[in-house]
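Step one of this worksheet: look at the structure below.
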Amino acid sequence: MKSNEDYDETLINQIKKKSEQIEIPESLEPERMIRRLNKKKKSRNIFVYRIAFSAVLCAFAMSLIYVSPVMKHEVFHSGVAVAGSSVKTASSYAEVMRILRSSNSNTNSFGLIEGSLEDSSATNSASSSKGVDGSTTGGGNNYSDTNIQVEGVDEGDIVKTDGSYIYIADQTETQISIIKANAESSSVVDTINLVETSNKDSFQIQEMYVKDDILSVIITCSYMVEKDNFDSSDSYEISEYKEYTMLKTFNISDRQNPKLEGTVKQDGYYHSSRMVGNIIYLISNYYPYFEFSHMSVESCIPSVNDSQVKPNDIYMADSPQTASYLLITSVDVNKPSDIIAAKAILANCDTIYVSNENIYVADTIWENEEQNSDETEIMKFHYDEQGNIEAVATGRIKGSVLDSFSLDEYNGNLRVVATITTYGEDNSAVFEEVDDSDMKTDIISVSTANTNSLYVLDENLNRIGSIEGLAEDERVYSARFMGDIGYFVTYHQTDPLFAVDLSDPANPKILSELKIPGFSSYLHFWSDNLLLGIGMETGTDGNEGVKLSMFDISDPENVIEVSKYVVDKSWYSPTLYNHKAVLIDSEKNLIGFMVEGEDQVIDAYSSTWKSDYVVFSYDSQNGFELKLRDNLYTNNGTDYMDCSGTRGLYIGDNLYVVNPEQEIKVFGLSDFQLKGVLNLLN
Amino acid sequence: MEYNLDCVTDAQNGDMEAFSKLYESIYKDLFRMAYYMLDSREDAEDAVSETVMAAYEGIKKLRNVALFRQWVFKILSNKCKNKMKQYYSRNLPLDEEVTLMEEHTEQLDQAHDVKNAFRALSMEERAIVALSIFGGYKSKEIGKMLHMKEGTVRSKLSRSMEKMRSMLQE
């Protein structure tokens, strides 16, 4: 069965071959290099730096905390340029191009952007957010939903269900299958092929949304354009690689005959999306390709539905250090050919968090001459039910955030957990102590130190409270917030689970710190009193694997791990990195996910491996109980099948284990017996 | 990889010939990785030199000899990333003459399209792809070396492959 891996093999070999033509500099030839080393040996000049953690930490703790003042500017309304304002939106394309010209390409830094905060129409109200973060899936329906971060803010995925049908995106074949879910009598109702034969661009399905009779599909496309090169002294041609993202909306009231209702497209590669009500928010990263000698509006400014984003919808930094954009658009699925709002930010952002009312964009600014640690710029955009998007404020914190779960909005405030890496005088971190059991190297020269902080920012992203200097030498691995309490896990070799009291935003307090081996990558509230953690156990005694932990949080000052289960023969699960890959439903008492692990040892260096789908239940007496371990795939040494796209879902009394490029297996929820298999391969 | 673990142990004991064998087995891949990541022969040369020096000085402290190669590649990728960070944070105005000069010498390189393909990638993506191709590492290992989640590595790697694939198709 062909797979992306096969294509990659050929490509890799191609690149390897071409790279062999590169001439290696003489100074690196073995004879010359060894001679140099011998000389060095004679005049030994080794400096051994011991870890200067305490010294670095002291300095950090005493340094002033950076606070970004929010300046009040005139609010800007989409479509209307505010004359002569100090709001940092572009006044013209020429201005944007000037900035692009002076920046370097493809960086990950993000400059300061000053947003605006005006009357209450642009701000979120002080009332509590509509949804509750961290709730379990299912909520009243007799079928499972995608495991999302914020209730009320849907997230796209490759497998969706509405309780009657299952929708599956096959990313290899670029098609969507619609399955009538009927336990062992399930059948394929229709297949939507998304490759347009007239269009030879390369397509890939990213994610889908299903709401009532509307199916929305996000696709990224790429193509090459041959361009004339404008420098006549060079004889080679320039090929420009272009990417764009499309949202295609289908009417599926007749599931056997889906009708394409509309398409929108925007420049750049898909980053993420959300769906709130009938509005889809589509976010992409766009790297314009332009030559400094020939910059044009068309090549420099991002476009949406084939027209350039207007200057006053482009947010710019004071001194941006990037030549890439983040594009955010909104589309009403009932009017799927129209774009409601389109915003471009001159930035290459890492993390997006969307609450019930605001979109937060977080971007890491690497340490540089002006700051000795990484920092994060956070920008806040308000969105409303009609899909309008407005800039609200910007703020800056020390450190970098792990993912969207590191941010949480509550009562108008934003809570953020960050890891701060401070760099010492010698700006090159040569060696680092590696924190897992099979790769221990000693530290020769260290000039980085980690510490962690929790910040509370108000609705203007001014800091109002914080706890700093936590868990020295560790990094944040997971976080989850529920109202006035926040939990986060840091890790180096043990895993402290911190519980923080956030009831007074100006004075967050650590309530407890529980240290256990391994770490949790994903935290999920199982009930009011129980917190589920999914992560890895990393013992040196051979007991390693994907791990489930249940924490009793009834008394946050005294959090206890009441149950733990290390999945046998498991070294990886997509759940560790993708919260949508896990099925969690405390009412149905289900925890389902895919694990990959060793199958049989061949010799000292290799083994075969397999992918299984596991399902657990939990009760207070017996702890975690393994209910099902179904083999999805076993590799025989030559083939490769990536089962990371496997999703478990339930409808009524049936569990469907969907492996999008292979098959659906149906199990009864009462006894976990296999009822039937539906093959998805044509 | 034409070296065995004994070579590493011997090198740790000061055997220069053993270290030389180790070096011979990886120096070309090291240079290729640095070259594509940094997009400059000179900087790549510096990065590899510094890496080999560091490896030479630090080899005694390497506990798990089986990980020698991974360890050296990790050092190199750190060096390259730091060099790249320095470029960006200095916000250097584009020195067009320098670029043109580099590009002239590049014409001698047959692998110009590979270079272009790498240019389409971000700093992080280049490191991932270079470690995958020249280091020969799997996503899990790359995740450990770059302190990234394995899933992130996989998706960035496949996305980068997509980008490069279209640039390299004839």
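Chain letters run A, B, ... following the sequence lines, proteins first and then strands; every chain starts at 1. Worth knowing before you read on, the calculation uses all heavy atoms, side chains too, and leaves out hydrogens, waters and symmetry mates. Remember, it's a predicted structure, so these values are computed and weren't measured experimentally.
- Only the backbone of A:Leu576 comes within contact range of chain B, with heavy atoms under 4.5 Å apart.
- For A:Glu20, the side chain to side chain donor-acceptor pair (under 3.5 Å) test picks out no residue, with sequence neighbours left out.
- Within the 4.5 angstrom heavy-atom criterion, atoms from both the backbone and the side chain of A:Pro25 approach chain B.
- A ring-centre distance under 6.0 Å is found for B:Phe134 and B:Tyr36.
- Under a 4.0 Å N-O distance rule, the pair B:Arg69/B:Asp29 qualifies as a salt bridge.
- Distance check, rounded to the nearest 0.5 Å: CE of B:Met33 to OG1 of B:Thr51 gives 8.5 Å.
- Ranked by non-hydrogen atom pairs under 4.5 Å with chain B, the options A:Ile24, A:Ile34, A:Leu28 are led by A:Leu28.
- Neither the backbone nor the side chain of A:Thr220 comes within less than 4.5 Å of any heavy atom in chain B.
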